[in-house]
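Written below as C-alpha cells is the structure these notes are about.
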Amino acid sequence: MKILNASGCLDALAAPQVARELDAFVTKTVTPLAREGSAPPRIAETAHGMLNAIGLANPGRERFVAEHLPRLRELGVPLWVSVGGFCAGDYAETCSQLGEIEAIELNLSCPNVDEAADSAAEIVAACRQATELPLYAKLCAAHPDVAEVARAIAAAGADGLSLINTLRAIALDDQLRPALARGSGGLSGPALKPVALHSVSVCFEATGLPIVGMGGIQTGRDALEFAACGARDIALGTVLFADPGAPARVRSELAAACVESGVATPEDARSLAKSPETVRKVPA
Ligand SMILES: Cc1cc2nc3c(=O)[nH]c(=O)nc-3n(C[C@H](O)[C@H](O)[C@H](O)COP(=O)(O)O)c2cc1C
C-alpha cells in the first residue's frame with residue numbers, strides 16, 4: 001500500500017521533508033488560468049472535521065509547468081499532478097502538457113467552484129485521448145449513485161479512482177453567520193471516513209479499478225479499513241495540518257494494525273472487501 005498526500009493538503013516546496021516521506025506527492029489542483037481562490041476566511045474548524053473554501057487557488061497551467069513542476073521534480077519523489085478545469089477541453093489540454101510524472105489525478109469534484117463542468121465520463125474520455133499517463137479520476141460522494149459514475153469513468157478509460165473529495169457543508173460562527181466568507185465549503189477530516197469507506201467499497205465492487213482511498217484517515221488502522229474496503233493505496237489530507245509526521249507514523253501503525261487483524265499485508269485485507277449493500281449472514 002502506497003501512502004500519498006491528498007491534493008491541496010501539503011505544500012511540498014515549503015515542507016520537502018514531509019513530501020519525501022510519501023510514496024508519491026500529489027500537487028494542489030492546477031487549472032488552465034491562475035486563480036486567486038475564495039475570499040478569507042477560507043478555513044473553519046468543526047467538531048469532527050475541517051471546512052475549507054480555498055477555491056482552487058493556483059498559479060495556472062503555464063506557470064505551474066514552467067516554474068513549479070521543475071522544482072517539484074528536484075524533490076526526487078514520484079509526482080502526481082492534480083488537474084482541474086471547467087470543460088473537458090480544459091482538462092485535456094493540461095494533460096497533454098504534462099510529462100515525466102507518475103500519474104495524473106483529474107479533480108472532477110471540487111465543491112468550491114460554481115462553474116458547471118462537463119460530465120465526469122466526458123472529461124475522462126477527452127483526457128484519455130490527450131495522454132498515455134495513468135489517469136486517476138477523483139470523485140466526491142455527493143452523487144446519488146457514485147458507483148454508477150465510477151462505472152462510466154472506467155468505460156471512458158480511467159486507470160484508477162481517487163475517493164473521496166470533500167463534501168459541501170456549512171459551519172456557523174457565534175453570531176450564527178457562515179464562518180466562511182464563501183458561505184459553504186468542503187468538509188474534510190474524521191467525519192468523512194465512513195462516507196469514504198462506503199464510496200471505496202461500492203466503486204471497487206463496480207469497477208475493480210485501483211483506488212486511492214482518502215477521507216479522514218488519521219491512523220494505520222484507518223488505512224487498513226480502507227484496504228479492506230478495496231483501496232490499493234491511501235492518501236493523507238487534513239491530518240497533515242495537525243501532524244506533519246503522519247506519513248511515517250501511519251506506515252508503522254499500519255504494520256501493527258495488520259498484525260492485530262491477522263492479515264499479512266494490507267493487500268490481504270482487500271479480499272475482505274464487501275459492499276455494505278451485501279447482507280452478511282451471521283450464524284446465530
Ligand atoms: C485545505 C484543503 C485543500 C484542498 N484542496 C484540494 C484540491 O486542490 N484538489 C482536490 O482534488 N482536493 C482538494 N482537497 C480535498 C482533499 O484532497 C481530500 O480529498 C479531502 O480533504 C478528504 O481527505 P481528508 O479528510 O483526509 O482531508 C483539499 C482539502 C483541504 C482540507
Side-chain angles (χ1 to χ4, degrees), residues 3-12 14-15 22 24-31 34-38 40-46 48-61 64 68 80-85 91 94 103-113 117 120 123 135-142 146 160-169 171 180 182 184-200 211-220 222-223 225-226 231 233-244 246-247 250:
I3 299 184
L4 291 69
N5 65 295
S7 172
C9 297
L10 177 67
D11 181 344
L22 298 163
F25 170 72
V26 186
T27 71
K28 175 142 187 77
T29 298
V30 181
T31 52
R35 289 174 63 93
E36 290 283 319
S38 316
R42 312 203 279 193
I43 300 271
E45 298 277 338
T46 75
H48 305 289
M50 180 175 136
L51 221 58
N52 91 82
I54 305 295
L56 296 186
N58 79 96
R61 174 166 70 205
F64 173 80
H68 292 234
W80 290 34
V81 175
S82 168
V83 171
Y91 285 83
T94 305
I104 293 173
E105 185 173 84
L106 300 173
N107 180 358
L108 305 176
S109 48
C110 183
N112 296 322
V113 289
I123 294 169
L135 286 175
Y136 274 66
K138 183 165 177 182
L139 303 177
C140 76
V146 69
L161 300 168
S162 295
L163 300 167
I164 56 175
N165 210 322
T166 53
L167 284 175
R168 261 193 193 151
L180 298 177
R182 191 183 144 77
S184 70
L187 179 66
S188 65
L192 229 52
K193 195 183 95 176
V195 181
L197 289 175
H198 175 265
S199 292
V200 168
I211 293 174
V212 181
M214 71 196 86
I217 298 178
Q218 293 186 295
T219 65
D222 293 336
E225 289 183 23
F226 274 78
D233 303 307
I234 57 110
L236 303 175
T238 303
V239 69
L240 288 172
F241 294 102
D243 178 12
V250 168

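Indexing begins at 1, ligand by ligand and atom by atom, following the structure's order. Computed from a prediction, not measured in an experiment: that's the story for all the values here.
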Could you tell me the residue and atom name of the protein heavy atom closest to atom 5 (N) of ligand 1, and the distance to it rounded to 0.1 Å?
Lys28 NZ, 3.0 Å

For Asp243, enumerate each residue passing the salt bridge (charged side-chain N to carboxylate O under 4.0 Å, His left out) test, keeping only those at least two apart in sequence or located in another chain.
Arg249

Spatial distance of atom OH (Tyr136) from atom OG (Ser7) [nearest 0.5 Å]
15.5 Å

Side chain, backbone, both or neither: which part of Asn58 has a heavy atom under 4.0 Å from ligand 1?
neither

What about Thr29: any of its N or O atoms under 3.5 Å from an N or O on ligand 1?
yes

Atom 14 (N) of ligand 1: of Ser82, Gly215, Gly8, Ser7, the nearest heavy atom sits on Ser7

For Met50, counting its heavy atoms only, list the atoms of ligand 1 lying under 4.0 Å from any of them.
1 (C), 31 (C)

Where's the contact between Asn107 and ligand 1, heavy-atom distance under 4.0 Å: side chain, backbone, both or neither?
side chain

Asn52 and ligand 1 - part of the residue with a heavy-atom distance under 4.0 Å
side chain

Looking at every non-hydrogen atom in both residues, tell me the closest pair between Arg42 and Ile54 and how far apart they are.
NH1-O, 3.4 Å

Would Leu56 count as being in polar contact with ligand 1, using the rule that some N or O on each side must be under 3.5 angstrom apart?
no

Pairs satisfying salt bridge (charged side-chain N to carboxylate O under 4.0 Å, His left out), at least one member in residues 185-198, at least two apart:
Lys193-Asp222, Lys193-Glu225

Indicate yes or no: does an N/O atom of Gly216 lie under 3.5 Å from an N/O atom of ligand 1?
yes

One finds that the ligand 1 atoms under 4.0 Å from a non-hydrogen atom of Thr238 are 24 (P), 25 (O), 26 (O), 27 (O)

Are Thr166 and ligand 1 in contact, using a heavy-atom cut-off of under 4.0 Å?
yes

Is Asn165 touching ligand 1 with its side chain, its backbone, both, or neither, if touching means heavy atoms under 4.0 Å apart?
both

Check whether any side-chain heavy atom of Ile211 lies under 4.5 Å from a side-chain heavy atom of Phe226, and answer yes or no.
no

Could you say whether the N/O atoms of Gly237 and ligand 1 ever approach to under 3.5 Å?
yes

So between Glu105, Lys193, Lys138, whose heavy atom ends up nearest atom 12 (N) of ligand 1?
Lys138

Number the atoms of ligand 1 from 1 as they appear, then name those within less than 4.0 Å of a heavy atom of Cys9, with their elements.
29 (C), 30 (C), 31 (C)

Is there a donor-acceptor contact under 3.5 Å linking the side chains of Ser82 and Asn107?
no

What's the separation between atom CD1 in Ile3 and atom CE in Met214, rounded to the nearest 0.5 Å?
13.0 Å

In Å and rounded to the nearest 0.5 Å, what is the CG to CG distance from Leu240 to Asp11?
12.0 Å

Just jot down the ligand 1 atoms closer than 4.0 angstrom to any heavy atom of Ala6, in number order.
16 (C), 17 (O), 18 (C)

Indicate the atoms forming the closest heavy-atom contact of Gly84 with Thr29, along with that distance.
N-CG2, 3.3 Å

From the options Ala191, Ser188, Gly55, Gly185, select the one whose nearest heavy atom is closest to atom 21 (O) of ligand 1.
Ser188

Determine, stepwise, if the pair Arg61 / Thr94 fulfils side chain to side chain donor-acceptor pair (under 3.5 Å).
CA-CA 7 Å; Arg61 174 166 70 205; Thr94 305; 2.9 Å; yes

For Ile43 and Met50, which heavy atoms make the closest approach, and how far apart are they?
CD1-CE, 3.6 Å

Identify, by atom number and element, the atoms of ligand 1 in contact range of Met214, meaning under 4.0 Å from any of its heavy atoms.
18 (C), 19 (O)

